[in-house]
Amino acid sequence: MRRRRFVWMVAPAVAFVAVMVGFPFVDTLWLSGFAFHFGAAPHAVGLGNYRLLLGDDKFWNGLWITFYLYAIALIAQLVLGLYLALLLNRMRRFSKVLRSLLISPFVLPPVVVGLMWLVILDPSIGAANYLLTALGLPPSLWLASPGLVVPTIALIDTWQWTPFIALILLAGLQALPADVFEAAAIDGAHGFALLRRVTLPLLAPSIVTAATLRSVDLLRFFDVIYVTTQGGPGDASETLNIYGFRQGFVFLNIGYACALMIALTVLVLAVVGLLARLRRTVAW
Amino acid sequence: MRRAIGLLAAVLFACAAAGAHAATFDWQRYKGHTIHFLNENNPWANELRRELPAFTKLTGINVEVLTFEEQQMRQRLVTILQSHDAGVDEYMSLSSLEGPLFAHAGWYADLGPIMDAPGATMPGYDVKDFSPPLRKAVTFGGKLESIPVNIEGPLIYYRKDIFARCGVALPKTLAELQAAAAKIHKCDPTIIPWVTRGLAPALPYTFSNVLHNFGADYFSGPRRPDLCAPKATAAIAWYADMLRDYGPPGAVNDSFVQIADLYGAGRAAMAFESSNEFGPIMKFPGRAKDTGLMLLPPGPGGQKPTVIGWGLAMSAFSQAKPETWYFMQWATSKAMQTKLALRGIAPPRRSVAASPAYRAWLAQDPVRAQWAKLIDVMASTGTGEVGPPVRRQAQARQIVGEAVDKVLLGQAKPQAAACSADKQLATMLATP
């Protein structure tokens, strides 16, 4: 009886997931088996799009850009987020005000963030180069430089999402058992040694959780890139997601775009799977 | 005698039919109906939107307007059309870009039978008044697929005061243009000598003019890309060199918005951009007085300007075709095109271009007269080829744009970039 009631309770959630996640995924998988350009009749090619993908330089470039951006943005956000969380955890005054202020970047719509930074980083009239030249430094091309564009996008994302990491880690810090820290203090652990030997191992589950949440976003990063560079200059910031979008909605090559999106989904699931496993190993 | 009676009867019938046609036309016929108009944020659409209350007042038809930037408009449009959705009744269409694909897919409504239906078209509309090359550009397989709303092509906006101050004569060849940019750069390093498009998908619009002036073409024959040929490679090198040596920092991301802003704000000496930006640029303080205009000077292959035009098309899936045609004929009528011409939209109708009102408006300012004259030259001598002649225009233009950008960014030599682009185009053509 209880079992039947349980089934009825979860049924709406299962139905929702099946309709909203399952159907689009299956449909995308199905379409990836077709040579299908908008405006022309589709015809089945089996795994042809995936074979095409393996020989496509743009796919490998997109994969590299996706991971490059993911790695530098995630590392920067975890390091700075941890630093901010430790700082907030020790603050006795203005802590609440600062927490409220920290929320502001990540509640901004990505399009607003992109446009705002586009103006700040404009090589001709932007405030960033004005600041650099005022400090006697040479101006930079920022988003217009093939070498700098990915670190610059990572910088924008770090500006927006570091506070999010900080707040997750702050919650983790505040939930840590006080007696462990008292015992460590009695044993003479202070400063960096305390951080390395006690705080970080205890905080590891929260760090991995924050990393997982950001990983999902960073691997399918789209909006800010679309607003600021559209994958340029050239293809220097063309992540897999941007490349898939271009193939689908600009070149109208829907079948191939679906194959790219399936590849991206597999990539995201693989990374999330690895992080889930890591989370289990650092649990205490 | 019988022949004469027959002829008389035919004439009477024709007169009666024409009379009935005119008499039954009623602007209020579709009062209370609603149509959906998808348009992009460009000078023609921006001016037309200001007139929409007058259309609703005249006809009683409500117009739901959906405005996007060009790329977003196209992305939304193809999704709607692919799904055969009736959510958009009419849309702006660039036949030089999407015309072949849309016509092949059957996404345009054939306007001929719609406008020829009894009582459907206002008296004196006269579709033959539109410039013949423009009508040809919007006709696919003998079907009129859209109505031209403007005529445009890239031209050079230059600062007469800077040219005079730096002692630069108007360039008569592409080589002289490069020398002029160099001289301005030396004379006043605070001024950007040359701005034009660097953003990969937008760049073929301006690059094509350079390519043709170098005497090159995208293809040497059906399905045979030819950018690797010496003339085309030289064109790529020239375009990239000009932007790298005399363009603004970050030129690789620039499209018409940045170019109009840089030139309009007085930061650039020359802007190679669409004639369609004339109105917006002239609104910047001082530009109407200090701006001169010229076509891209001849190169080794002569002078072959680019000329295209936006059109107003009806969706093949519209459930409101007659009322949509009411809007289209109002928007492209002689009266409306005259009104818009006086705001800097180059008229595609010959009668409007020759009208006293338009001529008087042009005569008010020498730069306006110069602009109209250059558009006349474009219309009579220009080519509509803005990218490789293939159905998958967007992808082909991206390939061309990326090749030029690779040279601009120093990532490849012109020859290597051009040959690589040819290979990509060939692969694209070979892919089903």
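Throughout, a chain's letter reflects where its sequence line sits, starting with A, and its residues are numbered from 1.
- Atom CZ of Arg244(B) sits in a crowded spot, with more than 12 heavy atoms from other residues, nucleotides or ligands closer than 6.0 Å.
- Neither the backbone nor the side chain of Thr427(B) comes within contact range of chain A, judged by heavy atoms closer than 4.5 Å.
- Between Arg391(B) and His37(A) the shortest side-chain heavy-atom distance does not fall below 4.5 Å.
- Looking at Gln82(B), its side chain does come within 3.5 Å of a backbone N or O of Gly39(A) through a donor-acceptor pair.
- Proximity to chain B (any heavy atom under 4.5 Å) is restricted, for Leu52(A), to the side chain, taken from C-beta onward.
- Note that CG of Asp405(B) and CG of Asp235(A) are 10.0 Å apart. Values are rounded to the nearest 0.5 Å.
- Using non-hydrogen atoms only and a strict 4.5 Å limit, the part of residues 133-148 of chain A facing chain B consists of Leu141(A), Leu143(A), Ala144(A), Pro146(A).
- Proximity to chain A is limited to the side chain of Glu402(B), based on heavy atoms less than 4.5 angstrom apart.
- Nearest heavy atoms, Pro233(A) versus Leu409(B): CB-CD1, 3.8 Å.
- Annotation: maximal heavy-atom pairing with chain A below 4.5 Å, among Leu81(B), Asn253(B), Ile192(B), occurs at Asn253(B).
- At a 4.5 Å heavy-atom cutoff, Gln258(B) makes no contact with chain A through either its backbone or its side chain.
- In this structure, the portion of Val252(B) lying under 4.5 Å from any heavy atom of chain A is its side chain and not its backbone.
- Counting heavy-atom pairs closer than 4.5 Å to chain A, the top-ranked of the candidates His104(B), Gln398(B), Arg76(B), Gln395(B) is Gln395(B).
- Comparing Thr228(A), Thr229(A), Leu252(A) by how many heavy-atom pairs each has under 4.5 Å with chain B, the most go to Leu252(A).
- The two atoms that bring Leu101(B) and Phe38(A) nearest to each other are CD1-O, 3.9 Å, heavy atoms only.
- Of the listed residues (Arg267(B), Gln393(B), Gln411(B), Arg397(B)), the greatest number of heavy-atom pairs within a distance under 4.5 Å of chain A belongs to Arg267(B).
- Counting heavy-atom neighbours within 6.0 Å of Phe34(A) CZ, excluding the residue itself, gives a total above 12.
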